[in-house]
Amino acid sequence: MTSYKVLDVNDDLPIRTKSPVHSGKVRSVYWLTDEDSARLISDKGYQVPKGTELAIMVISDRISAFDCIWQGENGLNGVPGKGIALNTVASHWFKLFDQAGLAGNHIVDIPHPYVWIVRKASTVKVEAIARQYITGSMWRDYNKGIRNFCGLELPDGLTANQKLDEVLITPSTKGIITDVADIPAVDDVNITRDNILNNLAVFNFKSAEDVTKYEQLLVEGFTLISEELAKLGQIFVDTKFEFGYVEDLNGTNKLIYIDEVGTPDSSRIWDELAYQDGKIVENSKEGFRQLLINNVPDSDVLLNKDRMPEREQLAKDYILPESVMLTVSDTYVGIASKIVGRDITIPADPRSEVIAILDEQYGLISNS
């Protein structure tokens with residue numbers, strides 16, 4: 001049995017909050033009390049306006065694929081080191097974005113590799129996706145004869161996994177958009193640039209110029225990461241960014257990066273030497289997705305959104321071997337170590353470490 005302790009439950013930490021914890025598939029968000037936010041801004045010297053709401057964002061080691069959480073045997077219900085790998089990689093890219101003069105981000109402090117302190121942002125309701133290779137769902141649709149993707153026309157004659165002439169922006173909805181013509185009221189549905197421009201308020205954009213700005217930041221961020229990964233013999237295939245608005249110290253609204261960028265969860269990353277040899281070696285979650293597709297009894301359950309109830313039941317019942325979870329750990333920790341140029345250390349007991357640091361150095365643990 002493995003000696004690793006994974007942080008698979010991250011929504012029950014004794015952090016003092018002003019509202020219920022919001023728990024997503026991988027991260028949980030604890031909104032701090034106004035008093036604690038103000039105290040930390042003052043004591044730590046965070047460069048945000050007074051009155052800014054702060055939150056503790058705790059990443060878990062859970063692994064999500066096909067909109068479901070997957071479990072391992074022997075109680076290993078997460079991938080050792082996955083949370084640290086994701087946070088470390090995203091923080092690394094954000095630092096390079098700052099150095100390159102791109103937009104800022106929502107992180108104000110990093111108390112522990114599993115924890116970010118973030119500022120509240122007004123989220124743009126667009127999943128900003130950039131692609132430089134035709135693969136995955138795009139290839140499957142293209143192979144069926146589809147040529148229009150999010151209002152962009154692709155030429156005939158492309159082949160699977162081929163590099164495209166330019167970075168394509170193929171946005172989708174973040175959350176469910178209702179009462180807008182041409183946009184189905186379901187989460188994560190493909191949209192066009194015109195859809196966004198014709199419904200700026202619905203997507204929470206403040207101006208048409210900001211739509212151009214998000215596209216610019218998406219391509220600039222994609223290009224920077226792509227160039228850095230190329231130095232490491234890795235190919236940046238596609239990725240998802242998210243954006244939001246915050247106020248700077250002068251009270252001006254500005255568009256920033258939020259959530260995570262360039263991680264093995266939000267991106268496809270391929271080994272370049274293997275690609276040149278005609279093979280695809282995944283250094284991201286896509287490898288885990290392919291493993292599931294190739295091993296579950298009926299792969300259509302994973303690919304067919306109309307079979308979501310069956311998929312959710314499958315994820316509850318399908319217990320992955322411990323060896324698989326550790327292999328996935330090697331992928332995440334390996335690519336993260338390569339990107340940041342140092343070994344990623346997996347904590348023996350991440351939960352206890354997080355609580356201790358937030359108590360001793362930030363005074364955020366409730367003793368009640």
Side-chain angles (χ1 to χ4, degrees), residues 25-26 63-70 125-177 182-193 195-196 215 218-219 222 226 235-242 259-270 275 279-296 298-312 314-315 328 331:
K25 290 187 177 68
V26 174
I63 187 156
S64 166
F66 302 105
D67 296 317
C68 295
I69 301 296
W70 300 85
K125 297 181 181 179
V126 173
E127 300 274 10
I129 300 168
R131 310 171 186 269
Q132 189 140 41
Y133 291 76
I134 182 165
T135 191
S137 60
M138 175 179 270
W139 168 252
R140 288 193 294 272
D141 287 342
Y142 182 91
N143 202 33
K144 294 174 185 174
I146 296 173
R147 295 292 180 268
N148 187 289
F149 294 87
C150 301
L152 305 174
E153 283 290 333
L154 292 189
D156 292 334
L158 299 181
T159 57
N161 305 322
Q162 179 177 338
K163 185 175 182 178
L164 301 167
D165 290 337
E166 59 184 350
V167 176
L168 296 187
I169 297 175
T170 57
S172 61
T173 56
K174 178 177 174 61
I176 297 174
I177 302 295
D182 303 325
I183 301 178
V186 294
D187 186 24
D188 195 23
V189 61
N190 286 346
I191 51 177
T192 67
R193 189 176 199 272
N195 287 148
I196 299 172
E215 293 173 329
L218 177 58
V219 173
F222 184 96
S226 182
I235 294 174
F236 201 36
V237 179
D238 54 38
T239 196
K240 177 191 73 174
F241 286 0
E242 295 184 27
D259 198 48
E260 62 181 43
V261 294
T263 71
D265 256 19
S266 62
S267 319
R268 277 188 180 90
I269 301 170
W270 291 343
Y275 180 77
K279 303 170 185 174
I280 298 297
V281 174
E282 299 280 359
N283 284 320
S284 57
K285 186 168 69 174
E286 186 59 27
F288 177 69
R289 287 167 53 89
Q290 293 301 321
L291 183 147
L292 291 174
I293 288 173
N294 293 330
N295 286 278
V296 298
D298 180 4
S299 61
D300 183 69
V301 173
L302 301 178
L303 300 172
N304 188 341
K305 289 186 176 181
D306 294 334
R307 299 180 70 180
M308 198 65 200
E310 293 175 79
R311 188 189 305 177
E312 291 171 345
L314 172 66
V328 176
T331 297

### Task
Using modelled atom types only, decide if a donor and an acceptor are shared between the side chain of Ser267 and the backbone of Ile269 within a distance under 3.5 Å.
no
### Message
Quick check: do Leu314 and Leu302 have side-chain heavy atoms less than 4.5 Å from each other?
### Response
yes
### Query
Any side-chain heavy atom of Arg307 within less than 4.5 Å of one from Asp298?
yes
### Task
State, with a plain yes or no, whether a side-chain heavy atom of Phe66 is found less than 4.5 Å away from one of Val301.
no
### Query
So, Glu215 and Arg193, do they make that salt bridge, N to O below 4.0 Å?
yes
#### Entry: Any donor-acceptor N/O pair, Trp270 side chain to Val237 backbone, under 3.5 Å
no
### Query
How about Glu153: does its CD atom have over 12 heavy atoms from other parts shown lying under 6.0 Å from it?
yes
### Message
Quick one about Thr135 and Arg268 (side-chain donor to acceptor, distance below 3.5 Å, no hydrogens or angles considered), yes or no?
### Response
no
### Query
Closest heavy-atom contact between Cys68 and Lys25?
N-CE, 4.3 Å
### Query
Using 30° and 60° as the class limits, which term best fits the ring planes of Tyr275 and Tyr133: parallel, tilted or perpendicular?
perpendicular
### Query
Looking at side-chain heavy atoms only, is the closest gap between Ile280 and Glu286 below 4.5 Å?
no
### Query
With Lys163, which residues qualify under salt bridge (Lys or Arg N to Asp or Glu O under 4.0 Å), at least two apart?
none
### Task
Count the heavy atoms of every other residue, nucleotide or ligand shown that sit under 6.0 Å from CG of Asn294, and state whether that count exceeds 12.
yes
### Query
Arg131 versus Phe149: any side-chain heavy-atom pair under 4.5 Å?
no
### Task
Would you indicate whether the side-chain heavy atoms of Asn190 and Ser172 approach each other to under 4.5 Å?
yes
### Task
Could you tell me which non-hydrogen atom of Asn283 sits nearest to which non-hydrogen atom of Pro264, and how far apart they are?
O-CB, 4.1 Å
### Query
Where do Lys125 and Thr173 land on the side chain to side chain contact (heavy atoms under 4.5 Å, CB included) test, with the steps shown first?
CA-CA 6 Å; Lys125 297 181 181 179; Thr173 56; over 6 Å; no
### Query
Would a 4.5 Å heavy-atom cut-off, applied to side chains only, mark Leu164 and Leu158 as touching?
yes
### Query
Looking at Leu168, Ile129, Asp238, Asn143, which one forms a side chain to side chain contact (heavy atoms under 4.5 Å, CB included) with Met138?
Leu168
### Query
Does the side chain of Val261 reach to within under 4.5 Å of the side chain of Thr239, using non-hydrogen atoms?
no
